[in-house]
Visitor: 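Below is one structure. I have some questions about it.
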Amino acid sequence: MNSIYFTEEHNLFRKSLQHFLKKEVVPHIDTWEKTGEIDRFIWKEFGEMGFFGMNYPEAYGGMDLDLFYTIILLEELQKINSGGFAAAIWAHVYLAMTHLNAEGNDDIKERYLAPSISGEKVGCLCVTEPFGGSDVAGMRTTAAKDGENYIINGSKTFITNGVNSDYLVVAAKTSPELGNKGLSMFVIDRGTKGVSATKLDKLGWKASDTGEIAFDNVKVPATNLLGEEDKGFSYIVQHFSLERLIMGVNAHARAEFALEYALQYMSDREAFGKRINQFQALRHTISDLYADVEICKNYNYAVTARLDKGEYVVKEATISKLKSTKVADEVIYQCLQFLGGYGYMEDYPMARLFRDSRLGPIGGGTSEILREIIAKMVIDKKEYKPAT
Amino acid sequence: MKILVCISHVPDTTSKINFTEENTKFDSNGVQFVINPNDEFGLTRAMWFKEKQGAEVTVVNVGTSETEPTLRKALAIGADGAIRINTPATNSFSVAKQLANVAKDGAYDLIIAGRESIDYNGGMVPGMLAALIDANFVNNCINLDVEGSDAKATREIDGGKETVSTTLPLVIGGQKGLVEESDLRIPNMRGIMMARKKPLTVVEANETSKETTSISFEKPTPKGAVKLVASDNIDELVNLLHNEAKVI
């Protein structure tokens, strides 16, 4: 393992996590992929192992560790081949909980962050709406102040953990007239009157309960406002670096998994009297794919090291997601091809991997939006700055 | 109660084993190492004594610095301290001698070793160690209870079990049954981080003679390809078993 970034403790954690996933998760994956539901016990087990608290304060049960532990968690989750299960875990830890930790006050952290770290509560982040995903400023969900409460109306879609989570971190407009300056973030209990969810049927990520959520006159106590009113947009933007880097790391890890699997297959499979990894056309293709994955992985590690030091790396993280998800799709497409007819069969991992990977250039900012952001920074010299 | 758990650093059972230098040296290239499974059952039982009876647990290994991640894992599982005796483990007698020095120095009440390591399968270290430190010895141990200085151990015998009573100091050669596989522990995050702060002491090895030296290794002959015979073709099946496999 890359010793520039990973210590002996990181390596011990990776082995421990691999062992845990193999023993406690892998035996259930095919069932969860079929039912589209993840059994609840596994959240508690992740919590007990300390996997949800690695980047969160000790005061709430976390361990305040560096970001390379997160990288290991993300990489190993990709290597058990269920994009849906992996997404459920990281959407809880790095989408919902990120907001609780960054913007929540002590009371909210006690009520939501601590039980999220222990695995007793599961969260989701609700930003995307049916009318627009990447157009955060065009959001239509509103939160109107009503005495000591806010009344929330609107709908969200493509929400990972959208159906079975215990709480929802929701973006809504508190001052619609201010456009993207009028957004606020709330944490809402699942059981609150007026919250309803519908599970969505998808191409991949089958184990994930991705949902569409409706808010119909949902009364939320003002104490459940995260941070300050009308600061929601800057909070969301603030976390873009981590979110995009996560998507980039997931991409390089699943590409690496695909390549490792294909290489093993090709070292066993024979055709025309020799193993197929001896055919020059395939060997050269492998070399190109391997090089692409290595470049993405090492770039992503370098960006992680900078983000871990507190640098604002929104451009670099955007590049990470743009390029790594593209490489992952190309690598997985080609690895499926290496397996021939078996690649197309559900008994082999490539079919699921192929479907799951396709979300990479779509979710968490489409590649088109990412290119536009990079173009603004590179061509128009626009400087995105961290929220203060 | 002071417990010493002997830990062998062995290749993972799924590793592909190869030899180099004309089959005289084990090739560790690309091999993942783990705690010897028989030792891990013993370590887990030691954790039980720690949690239920307040025992203090030290793990020990004879090996070079490459074995330290294995000791760190034992610390992450919950051992209080670790000792590495700085010499390669190449011979059962010399390993037992090195362990005996540590065992005498630490005045341990109970020493848990695996009945054998899954790499060289010598199966001699626990017995030799018991003799060298003049302790009682139970091999193939599948259950152990300790009350004060009295111990009750169950050992596997051919086709059954034998329960024996004995006293501390005691050495056992442990195996599956001391705990079940489902009881084995995966280090959690807190354990991994705590392991970094626990003492891992390196002691130099004493001069010890080696009673045997490996000359060469040999792998089993690879199994041939599977031949499928149609269920209604009994003649062909008999022909293959008789003339090819030569088993009937």
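Residue numbering restarts at 1 for every chain, and letters A, B, ... go by the order of the sequence lines. Scope of the values below: all heavy atoms of this structure, side chains included, with no hydrogens, waters or symmetry mates. Please read all numbers here as calculations on a predicted model, not as lab measurements.
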Visitor: Please round to the nearest 0.5 Å and tell me the distance separating atom NZ of A/Lys23 and atom CD of B/Glu181.
Guide: 8.5 Å
Visitor: Measuring from atom CE of B/Met189 to atom CZ of A/Phe13, what distance do you get when rounded to the nearest 0.5 angstrom?
Guide: 5.0 Å
Visitor: Nearest heavy-atom pair of B/Phe33 and A/Lys15: which atoms, and what distance?
Guide: O-NZ, 3.5 Å
Visitor: At what distance, to the nearest 0.5 angstrom, does CD1 of B/Ile186 lie from CD of A/Glu45?
Guide: 9.0 Å
Visitor: For the candidates A/Gly50, A/Gly53, A/Ser16, which exhibits the highest count of non-hydrogen atom pairs separated by less than 4.5 Å from chain B?
Guide: A/Ser16
Visitor: Around B/Glu22, counting heavy atoms of other residues, nucleotides and ligands shown, do more than 12 lie under 6.0 Å from its CD?
Guide: no
Visitor: For A/Tyr69, is it the side chain, the backbone, both or neither that has a heavy atom under 4.5 Å from a heavy atom of chain B?
Guide: side chain
Visitor: Which atom pair, heavy atoms only, marks the closest approach of B/Arg72 to A/Leu12?
Guide: O-CD2, 3.9 Å
Visitor: If I measure from the heavy atoms of chain A, does B/Ser182 come under 4.5 Å with its side chain, its backbone, both, or neither?
Guide: backbone
Visitor: For B/Phe26, I'd like to know if atom CZ has over 12 heavy atoms of other residues, nucleotides or ligands within 6.0 Å.
Guide: yes
Visitor: Around atom OH of A/Tyr342, are there more than 12 heavy atoms of other residues, nucleotides or ligands at under 6.0 Å?
Guide: no
Visitor: Give a yes or no on this: more than 12 heavy atoms of other residues, nucleotides or ligands lie within 6.0 Å of atom CD of A/Glu270.
Guide: yes
Visitor: Using heavy atoms and a sub-4.5 Å threshold, report which of residues 117-125 of chain A line up against chain B, by residue number.
Guide: none
Visitor: Would you mind checking which part of A/Glu9 comes under 4.5 Å of any heavy atom in chain B, side chain (CB onward), backbone (N, CA, C, O), both or neither?
Guide: both
Visitor: So does A/Asp268 have more than 12 non-hydrogen atoms from other groups sitting under 6.0 Å from CG?
Guide: yes
Visitor: What closest approach, in Å, do B/Asn188 and A/Met49 show between heavy atoms, and which atom pair accounts for it?
Guide: CB-O, 3.4 Å
Visitor: So for atom CD, which belongs to A/Gln278, do other residues, nucleotides or ligands contribute more than 12 heavy atoms lying within a distance under 6.0 Å?
Guide: yes
Visitor: Non-hydrogen atoms of chain A under 4.5 Å away: do they reach the side chain of B/Ile77, the backbone, both or neither?
Guide: neither
Visitor: Side chain from CB out, backbone as N, CA, C, O: work out which of these in A/Glu48 comes under 4.5 Å of a heavy atom of chain B, or both, or neither.
Guide: backbone
Visitor: Can you tell me which portion of A/Leu17 sits under 4.5 Å from chain B's heavy atoms? Options are side chain, backbone, both or neither.
Guide: neither
Visitor: Does any part of the side chain of A/Leu65, heavy atoms only, come nearer than 4.5 Å to the side chain of B/Met193, both counted from C-beta?
Guide: yes
